[in-house]
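So the structure is just underneath, and the comments pick up after that.
Naming convention: chains lettered A, B, ... in sequence-line order (proteins, then strands); numbering from 1 in each chain.
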Number of protein chains: 2
Amino acid sequence: MLSTPELLLIEDDPGIRRFLRASLAAGQYRLCECETGQDGLAQAAARQPELIILDLGLPDMDGVALIRQVRSWSQIPIIVLSAQGQESVKIAALDAGADDFVSKPFAVGELTARIRAALRRSAGLPGGGQIFRAGRIEVDLDKRVVLADGEEVHLTPIEFKLLRVLVRHAGRVITQRQLLNEVWGPHHMEQAHYLRVYMAQLRRKLEVEPARPRHFLTEPGVGYRLVGDLAC
Amino acid sequence: MLSTPELLLIEDDPGIRRFLRASLAAGQYRLCECETGQDGLAQAAARQPELIILDLGLPDMDGVALIRQVRSWSQIPIIVLSAQGQESVKIAALDAGADDFVSKPFAVGELTARIRAALRRSAGLPGGGQIFRAGRIEVDLDKRVVLADGEEVHLTPIEFKLLRVLVRHAGRVITQRQLLNEVWGPHHMEQAHYLRVYMAQLRRKLEVEPARPRHFLTEPGVGYRLVGDLAC
DNA sequence: CCGCTTTCTTGATACTTTCTTGATGCCGAT
DNA sequence: ATCGGCATCAAGAAAGTATCAAGAAAGCGG
């Protein structure tokens, strides 16, 4: 069960890495660590973490450039750490797309509070559980639980990721590229076949008549759309 | 957004108010100022600003409590200012629902960068979906959904592309070449036949009397025009 | 560390929708 | 009447989609 959020830490200083590993990985979050910007970019694309903590002063590339690259395909929250508290650096990072900026030395408590704030925002929820309903289907994104006719339905990690994206955009059409990007990452945006396999899987598990879907609708040539009771 | 974003400033210190008024109200934003927490809450509810800047050290009420109250009904971004840089205060404010925390004394450049970051984020989510209406027709370009008499109408990719161009230029005549260019690309600008086929399709699906179109009008020798209720 | 189970990836095939294209008829203008 | 621009219908071609299934990979428990 992958319920704890995964954070990606991009930081070259081993001391700080150890420090944050101790502070963050202790139950609350899973932590994935990188030492270089290149590796960080690759990991961000491959693992699709829920949040990125980025040290601006990397040896191999400019931190602001890294932010821009990530922002070219994703809205993952990025919290920047930096030894330089210079105002111009902060502005550059924030305007490049960073969500928050923390100067070193920092207090862990504050950092974790800012992480919570960023995750809360990106979840799009006040913190209390929002439940999506569509006919006999019930989805609780927080608890990571899906019910059909009140019965719990087991979903694999990818199935749930896909469902989550659909639920978050419920009512509107999502393009195949967008789904592929958000579920498999930017390197798989041509593998539309994955989408078909997993959409069929979701329908098989959640639709009454998988062959005649009432909620997981296909928009041929475009993408898919999840229609539920709460229409916006 | 058509007009400049409105910010609500809740701050008892007249000096800082004057300072921020000078920095923020100069063209970029509209600024609404309050001296007390009570007034701030009232203004937040009444004016629905796009962002709140809140001084934690208000004379009449606890800032953290104010954050909680606002959060009980709204997700407006809140940036906290505070003279106390104490970690526990920051954590309390962020966990109460604040989006960001800036300690005094602060640099305007950083504050405005953080404001931009917060506004950018909040702009992304709810979707400023403007809906085009024309008689019984309703077009939501964001959701990619079209209704006629409240009933959903399915459009193929090309049909929707064509409709989108028409909606974006609603009220004006669009030449055939322009439509062909925007829908099929610059290599098909001579295929006026495509246009006739698909325009007929749109009329068949959306007009009450396809033979006597009321909204999808032909301008002989020139192109087409979509007339609706909201002109822009 | 190994074997077992679950999940992911990939391929093959049948099926559906959509696009393109040609034929035909209408209407107004010359 | 004839011609050019427009509307409509229809059918084959092309593109896109659903589903099954099996080997590969990854995760889990002992």
Side-chain angles (χ1 to χ4, degrees), chain A residues 1-4 6 30 32 46-48 144 146 152-163 166 173-180 183-185 187-226, chain B residues 144 146 152-163 166 173-177 179-180 183-185 187-225:
Chain A
M1 179 95 79
L2 299 169
S3 56
T4 62
E6 181 173 52
R30 281 170 302 134
C32 165
R47 313 180 68 113
Q48 299 257 104
R144 202 190 177 284
V146 181
E152 183 166 348
V153 176
H154 175 74
L155 296 186
T156 73
I158 288 189
E159 284 163 12
F160 187 79
K161 242 176 160 177
L162 179 55
L163 179 60
L166 289 166
V173 178
I174 319 173
T175 65
Q176 303 192 3
R177 291 183 65 81
Q178 196 176 344
L179 285 167
L180 286 163
V183 177
W184 281 271
H187 300 317
H188 299 73
M189 297 214 275
E190 274 73 51
Q191 311 284 319
H193 189 52
Y194 287 6
L195 216 44
R196 302 200 187 99
V197 172
Y198 280 91
M199 197 61 63
Q201 208 78 332
L202 279 181
R203 294 209 257 236
R204 197 171 56 72
K205 290 184 177 179
L206 297 174
E207 290 275 8
V208 186
E209 267 184 298
R212 229 176 287 283
R214 298 177 56 81
H215 298 108
F216 295 84
L217 303 186
T218 302
E219 301 283 342
V222 185
Y224 294 89
R225 186 158 57 99
L226 175 62
Chain B
R144 201 195 175 282
V146 180
E152 188 170 337
V153 176
H154 178 78
L155 297 186
T156 73
I158 288 189
E159 284 163 13
F160 189 81
K161 246 176 160 177
L162 179 56
L163 179 60
L166 290 166
V173 181
I174 319 174
T175 65
Q176 301 193 359
R177 291 182 65 81
L179 284 167
L180 285 163
V183 176
W184 281 270
H187 303 310
H188 299 73
M189 296 213 279
E190 277 75 49
Q191 315 281 322
H193 188 51
Y194 288 5
L195 217 44
R196 300 198 189 99
V197 172
Y198 280 92
M199 197 60 66
Q201 208 79 327
L202 279 182
R203 283 174 176 152
R204 196 171 57 71
K205 290 184 177 180
L206 297 174
E207 290 277 7
V208 186
E209 269 184 298
R212 235 177 289 286
R214 298 175 54 82
H215 298 107
F216 295 84
L217 305 185
T218 302
E219 301 284 343
V222 186
Y224 295 88
R225 186 158 58 102

Nearest whole angstrom, please: distance from the [atom2] of [N] to the [atom1] of [X].
X      : N      : atom1 : atom2 : answer
B:H188 : C:dT20 : NE2   : C1'   : 10 Å
B:E159 : C:dT17 : CD    : C1'   : 11 Å
A:Q201 : C:dT9  : CD    : P     : 13 Å
A:R203 : D:dA18 : CZ    : P     : 5 Å
B:L195 : C:dT21 : CG    : P     : 15 Å
B:Q191 : C:dG22 : CD    : C1'   : 13 Å
B:K161 : C:dT18 : NZ    : C1'   : 14 Å
B:Y194 : C:dG22 : OH    : C1'   : 12 Å

Any heavy-atom pair between the side chains of A:L226 and A:I174 that's under 4.5 Å? no
Base, sugar-phosphate or nothing for [X]? Non-hydrogen atoms, less than 4.0 Å.
X      : result
A:F216 : nothing
B:A211 : sugar-phosphate
A:Q176 : sugar-phosphate

Side chain of [X], heavy atoms from C-beta onward: which of [options] has the nearest atom to it?
X      : options               : result
A:H154 : C:dT7, D:dA18, C:dT18 : C:dT7
B:R196 : C:dC19, C:dT17, D:dG5 : D:dG5
B:T156 : C:dT9, C:dC19, D:dA18 : C:dC19
A:T218 : D:dA7, C:dT20, D:dT17 : D:dT17
A:V197 : C:dT10, C:dC19, D:dC9 : C:dT10
A:P220 : C:dT17, C:dC8, C:dT10 : C:dT17

Would you say the side-chain atoms of B:E207 pair up with the backbone N or O of B:R212, donor to acceptor, closer than 3.5 Å? no
So, does B:R225 use its side chain to make a donor-acceptor pair with the main chain of B:E219 at under 3.5 Å? no
Under-4.0 Å side-chain N/O to phosphate OP1/OP2 contact, [X] with [N]:
X      : N      : value
A:Y224 : D:dA18 : yes
B:Y198 : C:dC19 : yes
A:W184 : C:dC8  : no

Scanning both residues in full, the closest heavy-atom pair of A:T218 with A:R203 reads OG1-NH2, 3.2 Å
Test log, rule side chain to side chain contact (heavy atoms under 4.5 Å, CB included), inputs B:R196 and B:H193: CA-CA 5 Å; B:R196 300 198 189 99; B:H193 188 51; 4.2 Å; yes
